Every structure is written in C-alpha cells, then in structure tokens.
Protein chains: 2
Amino acid sequence: MAIIRNTIAKKAVFEIIQVNKTAMSQTEIFAKVNNICDRVTVYRILERLVKEMKIHKIVNVNGVINYAPCNSCSHEQHVHHDHLHFSCTNCKKLTCISDNHIELNIPSNYQVSEVFLTVSGICPECLIIT
Amino acid sequence: MAIIRNTIAKKAVFEIIQVNKTAMSQTEIFAKVNNICDRVTVYRILERLVKEMKIHKIVNVNGVINYAPCNSCSHEQHVHHDHLHFSCTNCKKLTCISDNHIELNIPSNYQVSEVFLTVSGICPECLIIT
DNA sequence: TACAATTATGCAACATTGTTGCGTTTATAA
DNA sequence: TTATAAACGCAACAATGTTGCATAATTGTA
Ligand SMILES: [Zn+2]
Ligand SMILES: [Zn+2]
Ligand SMILES: [Zn+2]
Ligand SMILES: [Zn+2]
C-alpha cells in the first residue's frame with residue numbers, strides 16, 4: 001500500500017538538499033523553504049525521504065541531525081551510507097566524503113546495520129584561509 | 001591556575017560512569033546520583049571530566065550525547081578516543097569497543113582532530129535472545 | 001468530472017536535552 | 001582560620017524534535 005505523493009513542499013525540500021554542497025540541519029532547510037510549509041511538515045518530509053532512501057541522516061558531533069542526498073550511499077547488504085563525513089570545527093560545514101573506502105573489522109558477533117563515521121577537524125577550504 | 005576540586009558529586013558521577021559497562025546519557029547518570037546534586041551540576045561535572053580527559057563524549061545515533069570512561073582512549077597525537085562504538089537498536093545500549101583497530105585513509109588535505117565512529121545494529125547479547 | 005480513500009499539512013501543545021546568569025556555598029591552600 | 005576561587009542550586013531560557021487532531025490536498029476509479 002502506502003502511496004507516495006510528490007507534494008510541492010516535498011519537492012522543494014528534496015531540491016534544497018540536492019543542490020546544497022554540504023549536509024544541512026532541519027533548521028537550515030526550513031530557513032530555505034521560504035515558508036512554503038510548516039516547520040513540522042519539514043520534519044515529516046525529511047522522515048519520508050529517509051525512509052524512501054533518497055536522503056540520509058548524519059548526526060553531527062554536537063548532536064544535531066543533518067541530512068544529505070543519497071548520491072553515493074551504498075544501500076546493498078542492508079548496510080546503509082557507509083561513507084565518511086567531515087565536520088569542520090571552523091566553518092561548521094558537514095560534508096559527505098564519498099570517495100573513500102572504509103575498512104572496519106567489527107567483531108563478528110555484532111550484527112551491523114548502519115555505519116556512522118564522522119571526523120572533525122579543519123576542512124581544506126578553511127586550511128587555505130588560515 | 002585552575003585548581004581541580006574533587007567534590008562529592010563529582011566523585012559520585014565519575015564512579016557511576018566507571019562502574020557502568022555501557023555509555024550513559026546525562027539523563028541516565030542523573031537518575032543514578034540519587035538527588036545528590038542538581039541536574040545542571042551533573043552537566044557541569046561532565047564537562048569538567050571531559051576536559052580532564054577522564055571520560056569521553058559519544059554522540060549516539062539519535063543525537064543524544066553519552067559518556068564513557070577513558071580507559072582505552074588514545075590521547076596521543078591530539079587524536080582522541082579513536083575507537084569504535086556500537087549502538088544496539090534493540091536494547092539501546094551504547095558500548096565502547098576498544099579492542100579494535102581502525103584504518104581510515106582520510107584525504108590529506110583534511111586536518112583531523114577527532115574521530116567519531118558508531119555502528120548500529122544488534123549486539124551479541126540481543127542476538128542470543130532472538 | 002466527481003467521488004472516495006488516504007496521504008499530507010497546519011497548528012498548538014508538549015517533551016527532551018542542553019545552556020546561562022547570578023547569588024550562595026564549599027573545598028583547598030596558605 | 002581565613003581568603004579565594006571553584007563548585008553549586010535555582011530559575012529561566014533556548015534549541016531540537018514529537019504528538020494529536022482537525023483540515024486540506026492528491027490520486028485512483030467510477
Ligand atoms: Zn571549514
Ligand atoms: Zn553522507
Ligand atoms: Zn542489544
Ligand atoms: Zn568510547
């Protein structure tokens with residue numbers, strides 16, 4: 001069942017996430033939708049897009065949940081978005097680093113479903129400036 | 001300067017974190033201190049213990065910050081607590097997996113300071129039950 | 001096109017987590 | 001014992017995320 005509707009607000013939210021270079025929080029996304037819909041609606045749209053695996057959640061190092069498109073996510077083997085994220089302590093930008101192979105030798109008695117890997121530090125752009 | 005005081009509340013909080021097998025949130029820790037101090041005091045004690053590198057923060061996959069003792073953290077090279085964490089979707093326990101070497105080949109134009117690595121799934125204990 | 005079914009939304013209210021200011025208390029060193 | 005800075009309690013606030021319910025909008029079908 002569960003017919004998926006492509007509403008104006010949903011298209012707008014997805015477009016914003018697609019276009020943006022870095023991951024965004026609900027607050028940032030809501031600020032960009034120009035009051036096309038309610039704050040709560042944005043939350044619910046984000047939930048749906050995650051469920052549809054069009055975007056993925058990234059918990060930033062401060063605990064705020066961010067969203068990025070699933071362009072480079074591997075959704076095989078029930079292990080989702082197993083790529084690296086970089087959180088810059090200077091510009092606060094959170095970036096997906098997709099071209100990066102991660103080798104995790106997790107003990108075999110653990111059943112892995114998702115990998116959350118975020119590295120903090122200074123991003124290349126901020127390194128040039130300083 | 002900055003004299004470190006070992007108050008009753010601080011000792012209690014550290015003891016709780018030390019004894020517990022898994023990482024705990026401020027809410028869980030506060031529930032265990034038996035009203036020995038205020039909720040805000042727990043937050044401030046946790047901040048201090050992190051600064052003193054006796055405990056480390058782990059942001060759980062839901063965004064809630066958890067705390068665990070720094071028994072197995074490597075504090076060399078300014079790269080802190082570079083070990084794996086496991087977040088069980090069933091029992092909700094967050095565990096430090098210290099006996100695990102992580103190999104990350106992060107692009108050299110990024111200046112890394114901290115590594116946050118959490119894997120979600122089913123922990124060994126919950127796998128046995130089901 | 002009209003209608004029915006159900007998905008999606010707005011609004012208000014609430015919950016949780018974490019923070020700040022400020023006056024008071026307490027631990028520690030001299 | 002006393003001075004001093006660290007630690008605390010309390011109240012208020014801020015940010016983020018959630019829930020219930022009535023209403024609106026979308027989509028398939030007659
Ligand atoms: Zn930066
Ligand atoms: Zn990503
Ligand atoms: Zn478990
Ligand atoms: Zn740990």
Side-chain angles (χ1 to χ4, degrees), chain A residues 1-17 23-68 87 89 92 94 116 118 120, chain B residues 1-17 23-68 87 89 92 94 116 118 120:
Chain A
M1 309 298 113
I3 295 151
I4 294 168
R5 289 187 188 172
N6 229 351
T7 61
I8 296 160
K10 190 181 171 190
K11 274 185 275 190
V13 167
F14 187 53
E15 175 75 10
I16 288 164
I17 296 171
M24 303 171 81
S25 66
Q26 179 275 342
T27 308
E28 293 171 293
I29 294 163
F30 178 63
K32 290 208 172 195
V33 293
N34 252 40
N35 285 314
I36 205 176
C37 67
D38 193 71
R39 194 173 69 91
V40 179
T41 303
V42 173
Y43 274 111
R44 296 203 256 232
I45 287 170
L46 292 170
E47 270 174 39
R48 271 181 279 153
L49 289 171
V50 168
K51 201 186 295 175
E52 295 167 20
M53 302 213 283
K54 287 181 179 168
I55 63 173
H56 63 283
K57 281 190 189 189
I58 313 131
V59 183
N60 208 341
V61 295
N62 56 3
V64 177
I65 295 170
N66 279 244
Y67 301 87
S87 176
T89 52
K92 308 297 176 193
L94 179 63
F116 300 87
T118 303
S120 74
Chain B
M1 306 299 110
I3 295 151
I4 294 167
R5 288 185 190 175
N6 229 352
T7 60
I8 296 160
K10 189 181 172 188
K11 273 185 276 190
V13 167
F14 187 53
E15 175 75 9
I16 289 164
I17 296 172
M24 303 169 81
S25 67
Q26 179 274 343
T27 307
E28 292 171 294
I29 294 163
F30 179 62
K32 291 208 172 195
V33 294
N34 251 41
N35 284 316
I36 204 177
C37 67
D38 192 72
R39 194 175 68 92
V40 178
T41 303
V42 173
Y43 274 111
R44 296 203 257 231
I45 287 169
L46 291 170
E47 271 174 39
R48 269 180 281 151
L49 289 171
V50 168
K51 202 185 295 177
E52 294 167 21
M53 300 213 282
K54 288 180 177 168
I55 64 174
H56 63 282
K57 281 190 187 186
I58 313 130
V59 183
N60 207 341
V61 296
N62 56 4
V64 177
I65 295 170
N66 280 245
Y67 301 87
S87 176
T89 53
K92 309 296 176 194
L94 180 63
F116 301 87
T118 303
S120 75

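Keep in mind that this is a model prediction, so the values were computed, not measured. Sequence lines set the chain letters: A, B, ... in the order given, protein chains first and strands last, and positions in each chain run from 1.
- For the pair A:Ile4 CD1 and D:dG28 C1', the computed distance is 16 Å after rounding to whole Å.
- In terms of position along DNA chain C, the nucleotide closest to A:Arg39 lies nearer the 5' end than the nucleotide closest to the other residue of the pair A:Arg39 and B:Glu47.
- For the pair B:Asp38 (side chain) and B:Val40 (backbone), a donor-acceptor distance under 3.5 Å is present.
- Distance, B:Asn66 CG to C:dT16 P: 16 Å, rounded to whole Å.
- Atom CD1 of B:Ile16 is separated from atom CD1 of B:Ile29 by 7.5 Å, given to the nearest 0.5 angstrom.
- Rounded to an integer number of Å, the gap from CG of A:Asn60 to C1' of D:dT16 is 14 Å.
- Separating the CG atom of B:Leu49 from the P atom of D:dA7 is a distance of 10 Å, rounded to the nearest angstrom.
- Atom pair B:Phe30:CZ and C:dG18:P shows a separation of 14 Å (rounding to whole Å applied).
- The distance from the CG atom of A:Leu49 to the CZ atom of A:Arg44 is 14.5 Å, given to the nearest 0.5 Å.
- Remark: B:Glu52 engages B:Lys10 in a salt bridge, criterion side-chain N to carboxylate O under 4.0 Å.
- Between A:Arg5 and the phosphate of D:dA25, there is no side-chain N or O to OP1/OP2 separation shorter than 4.0 Å.
- For B:Glu28, the side-chain hydrogen bond (donor to acceptor under 3.5 Å, both in side chains) criterion is met by B:Ser25, not counting sequence neighbours.
- Contacts between residues 6-16 of chain A and DNA chain C, counted as heavy-atom distances below 4.0 Å, involve A:Thr7, A:Ala9.
- Distance A:Asp38 CG to D:dG17 C1': 13 Å, rounded to the nearest Å.
- For the pair A:Arg48 and B:Tyr67, nearest-nucleotide mapping onto DNA chain C gives the more 5' position to A:Arg48.
- For C:dT17, one of the phosphate oxygens OP1 or OP2 lies less than 4.0 angstrom from a side-chain nitrogen or oxygen of B:Thr27.
- Among the protein residues, B:Leu46 comes within range of no part of the nucleic acid, since none of its heavy atoms lies under 4.0 Å from any strand.
- Each of B:Val13, B:Val64, B:Leu46, B:Ile45 was compared with B:Gln26 under the side-chain contact (heavy atoms from CB on, under 4.5 Å) criterion, and only B:Leu46 meets it.
- The side-chain heavy atoms of B:Asn35 and B:Phe30, taken from C-beta on, include a pair separated by under 4.5 Å.
- When atom types are taken as modelled, the side chain of B:His56 and the backbone of B:Val50 share no donor-acceptor pair closer than 3.5 angstrom.
- Going from atom CD1 of A:Ile65 over to atom P of D:dA15 covers 17 Å, rounded to whole Å.
- Atom CG of A:Asn34 has 12 or fewer heavy atoms from other residues, nucleotides or ligands within 6.0 Å.
- For the pair A:Asn62 CG and D:dG17 P, the computed distance is 10 Å after rounding to whole Å.
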Close N or O pairs between protein and nucleotides 21-23 of chain C (under 3.5 Å):
{"unit_1": "C:dG21", "atom_1": "O6", "unit_2": "B:Arg44", "atom_2": "NH2", "d": "3.3"}

